[in-house]
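Please read the structure below before turning to the comments.
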Amino acid sequence: MQRPILDREPTRNLALELVRVTEAAALAAGRFLGRGDKNAADKAAVDAIRLVLNSIDMKGRIIIGEGEKDEAPMLFNGEAVGSWEHGPEVDIAVDPIDGTRPLANGNLNAIAIVAIAPRGTMFDPGPFLYMNKIAVGPEAKGVINIERSITDNLKAIAQAKGKQLEDLTCVILDRPRHDGMVAEMRQAGVRIRLIPDGDVAGALMTSWGDSGIDALFGIGGTPEGVITACALRAMGGEIQGKLYARNDSEKQRGEAQGYDFHKILTMDDLVASDDVFFAATGITNGELLQGVKYLSQGAKTDSLVVRGLTGTIREITATHRWEKLRTLSAIDY
């Protein structure tokens, strides 16, 4: 669906304010590492995100929240956050924990993420929560097309990066719905990393230093696709997607509401502004970010923060002191 590109855009750098949001979520949720309780971890992250978002001088509206899909405590779609006294009008996409299952099971690659864009520029998928995606880094930007076969895309990516097919490493969620895609990748001869959850981290690794990841494929969350687009705009990568209906009833309902399941959703469709902000903080260890490390008097966090207008990417390692935090914050760290 088309959204207007508005003239009024936030020009203040919200990036460093936004990382406080994901740090708070990671510190609160990290206590639940390996405890087998996804909902308790998600509630801790949601409560922390809401509290810190409401301290930021902005007029924010949640366009994409993750709770509805997970049937967990949530920042609901349409919720107003921020001070609403001054500041820019913005759309907000949140995933309090990208990887609730890895966190609950004590596994890798759980992160807390938030993205902000000018009001009216973020794609709103409504109730349609799944998207077929392909994401690549800067070297392969402009050569992918989600309507082509996986093999054709792999050949184009390999040529753009000056690699042989067998040198490529691709990430895809380990789901039965991807069996055909995985079989085609194997036939093409590329290396494959099957991940249990967390396709935002997988997509970001395509644009991140020496991660060794060349592309992400597969059907994952639409919210995660929009959030990824915000980050990749600043990091120089690319994501394309198409809404995915799980059954005929969902497709018919979506078409009746004006959604086009055949349309290629480009970066501009997913977020129609360069004035975007993205922050992620590691909750558990992973290739992208290190998890929360709890110390005797505090904790350390590892975060990634990007700003679209400038293309600035910051890595932030922070040390948090309980004796200070607990006198200032209502969050139960």
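Values reported hereafter were calculated over all heavy atoms of this structure, with side chains retained and with hydrogens, waters and symmetry mates removed.
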All heavy atoms of His262 vs all of Lys242, minimum pair found to be O-CE, 3.2 Å

Whether Asp91 side chain and Met122 backbone form a donor-acceptor pair below 3.5 Å: yes

Item to complete: Report yes if the side chains of Phe217 and Met185 come closer than 4.5 Å at any heavy-atom pair, otherwise no.
Response: yes

### Query
Between the side chain of Arg177 and the main-chain N/O of Ile219, is any donor-acceptor distance below 3.5 Å?
yes

Next item on the list: Report yes if some heavy atom in the side chain of Leu194 is under 4.5 Å from a heavy atom in the side chain of Ile172; otherwise report no.
Entry: yes

*Trace of the side-chain contact (heavy atoms from CB on, under 4.5 Å) decision for Phe123 with Asp269*: CA-CA 6 Å; Phe123 179 74; Asp269 292 311; 5.5 Å; no

Open item on the list: Test of understanding: clusters of I, L, V, M, F, W, Y form through side-chain heavy atoms closer than 4.5 Å, transitively. Do Phe32 and Tyr294 belong to the same one?
Closed with: no

Under the 3.5 angstrom rule, does the side chain of Thr206 hit a backbone N or O of Leu216 as a donor-acceptor pair?
no

Handout entry: Thr281 vs Leu289 side-chain heavy atoms within contact, under 4.5 Å
Key = no

Item checked: Trp208 side chain near Leu288 side chain, heavy-atom distance below 4.5 Å -> yes

The reported gap from CD1 in Ile64 to CD in Glu224 (rounded to nearest 0.5 angstrom) is 9.0 Å

Heavy atoms of Pro96 and Ile49 approach each other most closely as CA-CD1, 3.6 Å

Nearest heavy-atom contact between Lys133 and Gly225 is NZ-N, 3.6 Å

Decide if atom NZ of Lys324 counts as having more than 12 heavy atoms of other residues, nucleotides or ligands within a radius under 6.0 Å.
no

- Item | Gln159 atom CD, over 12 foreign heavy atoms within 6.0 Å | no

Q: Would you check if the side chain of Glu139 reaches a backbone N or O of Ala160 as a donor-acceptor pair within less than 3.5 Å?
A: no

- Item | Asp214 side chain to Thr169 backbone, donor-acceptor under 3.5 Å | yes

Please check if the side chain of Glu79 supplies one atom and the backbone of Phe76 the other of a donor-acceptor pair under 3.5 Å.
yes

*Check whether Leu173 and Ile111 end up in the same hydrophobic cluster, where Ile, Leu, Val, Met, Phe, Trp and Tyr are linked by side-chain heavy atoms less than 4.5 Å apart.*
yes

| request: Report yes or no: do Ile144 and Leu168 belong to one cluster of Ile/Leu/Val/Met/Phe/Trp/Tyr joined by side chain heavy-atom distances under 4.5 Å? | output: yes

Using modelled atom types only, decide if a donor and an acceptor are shared between the side chain of Gln240 and the backbone of Ile146 within a distance under 3.5 Å.
yes

### Task
Check whether any side-chain heavy atom of Val19 lies under 4.5 Å from a side-chain heavy atom of Arg314, and answer yes or no.
no

Quiz item: For the side chain of Arg175 and the backbone of Pro196, is there at least one donor-acceptor N/O pair under 3.5 Å apart?
Solution: yes

Worksheet item: Side chains of Arg307 and Leu16: closer than 4.5 Å at any heavy-atom pair?
Response: no

**Report entry** Same cluster (ILVMFWY, side-chain, under 4.5 Å), Trp84 and Val114
**Finding:** no

Could you tell me if the side chain of Asp95 sits less than 4.5 Å from the side chain of Pro223, heavy atoms only? no

(request) Check for a donor-acceptor pair, side chain of Asn153 on one end and backbone N or O of Ile150 on the other, with a separation under 3.5 Å. (result) no

For Leu232 and Ala135 the tightest heavy-atom approach is CD1-CB, 4.2 Å

Looking only at heavy atoms, the pair that brings Gly126 and Tyr259 closest together is N-OH, 3.3 Å

Heavy-atom closest pair (Ile316 atom, Val305 atom, distance to 0.1 Å) is CD1-CG2, 3.8 Å

>> Is it the case that over 12 heavy atoms from other parts of the model lie below 6.0 angstrom from the CG atom of Asn247?
In response: yes

Between Arg193 and Asp174, does at least one N-O distance fall below 4.0 Å, as a salt bridge requires?
no

key: Whether Thr22 side chain and Ala112 backbone form a donor-acceptor pair below 3.5 Å   = no

Would one find more than 12 heavy atoms of other residues, nucleotides or ligands at under 6.0 Å from atom CD of Glu166?
yes

- Query: Looking at side-chain heavy atoms only, is the closest gap between Met131 and Pro125 below 4.5 Å?
  - Reply: no

Asp167 with Lys161: basic N within carboxylate O range, under 4.0 Å: no

Practice problem: Give a yes or no on this: more than 12 heavy atoms of other residues, nucleotides or ligands lie within 6.0 Å of atom CG of Asp210. | Solution: no

